[in-house]
Protein chains: 2
Amino acid sequence: MKLLDIAEVAHSTGMAASRLRFYEEKGLIGSIGRRGLKRLFEASVLERLSLIALAQTAGFSLDEIAGMFDQTGRPRLDRVQLSAKADDLDQTIRRLGALRDGLRHAAACPAPSHMECPTFRRLLKGAVESRRRRWVEDLG
Amino acid sequence: MKLLDIAEVAHSTGMAASRLRFYEEKGLIGSIGRRGLKRLFEASVLERLSLIALAQTAGFSLDEIAGMFDQTGRPRLDRVQLSAKADDLDQTIRRLGALRDGLRHAAACPAPSHMECPTFRRLLKGAVESRRRRWVEDLG
DNA sequence: CTACGACTTCAAGCCGACTTGAGGTCAATG
DNA sequence: CATTGACCTCAAGTCGGCTTGAAGTCGTAG
């Protein structure tokens, strides 16, 4: 299995080396050893980094993401938590879906001002309400 | 037209007053005057704030959002930009869908380690691959 | 065998998006 | 007319997520 140095990982992910070191420090990724001082990564780190990027997009913090894996790097076995994360994600996905539809509509809508378009107005309302819901959850 | 003080705006949007002041300072919203020291807002600020929240959810920065209004405060939404954002969002949504399915499966799967489960691996790969494609686009 | 350059560490800095705190002002109520 | 308390300003602080800079360490090419 080919081992990658930090520059290779940086190049193929588009992430700065500093960021990879930062992630390692945070326990988000692990290097498999050193050649001299230099870190060596397994190729699988690329997959891991993709997941991290993905989860970030989903709105998870790095700490939360760290919590999704165990020490050995396998996704954590807490099925209840995984399930909860999945539900979170589902919420997010639905929200983003509504948003996407709204944006598309706004881009195509012939109304002179977006504010005069009922569809757009409905979207705004939805955005605020779903935000609300999340706030409520955060408090709970 | 009823004028609102900052507390009313804060309450009906769920945003902290400090945040509203911050937004005003940034030019994102405007107050229509003062009663004594106290800001007075038009009711339309609520709609404006919804739009701001919406754009934030869509991943725009406050500076970008500030650029979405003209001098008179009417949204100046670039349809091309909206469309592009919608496409972004669509990508994200699909990837998140794969991630959600992966997590859900992981929560239900009886395999001792998730990585040994072919379904899980396939789902992750789906998420990762679409991510890769984006990196390539970013590089290009 | 020495010099180069890609890596290393560690601390500090930066940016976005707010929040917090100290001290001030004013309209309304008793 | 004095107090109260909701608002005000301005500066500084916080937090997440990195980046930057100075100083050090290697393996490899010349």
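Please read all numbers here as calculations on a predicted model, not as lab measurements.
Comparing A:K38 and A:A17, the nucleotide of DNA chain D nearest to each residue sits closer to the 5' end for A:A17. Where A:L37 and B:R39 each meet DNA chain D at their nearest nucleotide, the meeting point lying more 5' is that of B:R39. Taking the nucleotide of DNA chain C with the nearest heavy atom to each of B:D63 and A:D5, the more 5' of the two is matched to A:D5.
When heavy atoms are screened at a 4.0 angstrom cut-off, A:S61 is found touching the sugar-phosphate backbone but no base atom. Residue A:A16 is classed as a sugar-phosphate contact, given heavy-atom separations below 4.0 Å to backbone atoms only. Within the nucleic acid shown, A:A7 comes within 4.0 Å of sugar-phosphate atoms alone, with no base atom in reach, counting heavy atoms only. Residue A:R21 is in base contact, counting any heavy-atom pair closer than 4.0 Å across all strands shown.
Using a 4.5 Å heavy-atom threshold, the side chains of A:K38 and A:I6 count as separate. Within the 4.5 Å cutoff, no side-chain heavy atoms of A:C109 are placed close to those of A:T119.
Taking atom CG of B:L62 as the reference point, atom C1' of C:dC15 lies 12 Å away to the nearest angstrom. Distance B:E64 CD to C:dA17 P: 9 Å, rounded to the nearest Å. A straight line from CD1 of B:I65 to P of C:dG16 spans 13 Å, rounded to a whole angstrom. Across the protein-nucleic acid pair, B:L4 atom CG and D:dA6 atom P stand 18 Å apart, rounded to whole Å. Following rounding to the nearest Å, A:E24 (CD) and D:dG17 (P) show an atom-to-atom distance of 18 Å. When rounded to the nearest whole Å, the span between CG of A:L20 and C1' of D:dC18 equals 11 Å. Taking atom CD1 of residue B:I52 and atom P of nucleotide C:dG16, one finds them 17 Å apart after rounding to whole Å. B:E25 places its CD atom 13 Å from the C1' atom of D:dC8, with the value rounded to the nearest Å.
Stacking of A:R48 on the aromatic ring of A:Y23 is not recorded, the 6.0 Å distance cut-off and the 45° axial limit not both being met.
The side chain of B:S18 lies closest to C:dT20, out of C:dT20, D:dT20, C:dC18. Taking the side chain of B:F22 as heavy atoms from C-beta on, and the options C:dT8, D:dG17, C:dA17, the nearest nucleotide is C:dA17. Closest approach to the A:I6 side chain among D:dC8, C:dC18, C:dC7 is made by C:dC7 (side chain taken as heavy atoms from C-beta onward).
Residue B:Y23 places at least one side-chain N or O under 4.0 Å from the OP1 or OP2 atom of C:dC18. At the phosphate of D:dA6, neither OP1 nor OP2 sits under 4.0 Å from any side-chain N or O atom of B:R34. For C:dT8, neither phosphate oxygen OP1 nor OP2 lies less than 4.0 angstrom from any side-chain nitrogen or oxygen of A:R35.
Atom-to-atom distance recorded for A:H11:NE2 and A:L4:CG is 12.5 Å, nearest 0.5 angstrom. Atoms CZ and CD1, on B:F69 and B:I52 in that order, are 5.0 Å from each other to the nearest 0.5 Å.
Linking ILVMFWY side-chain heavy atoms closer than 4.5 Å, directly or via other members, places B:F22 and B:M68 in a single hydrophobic cluster.
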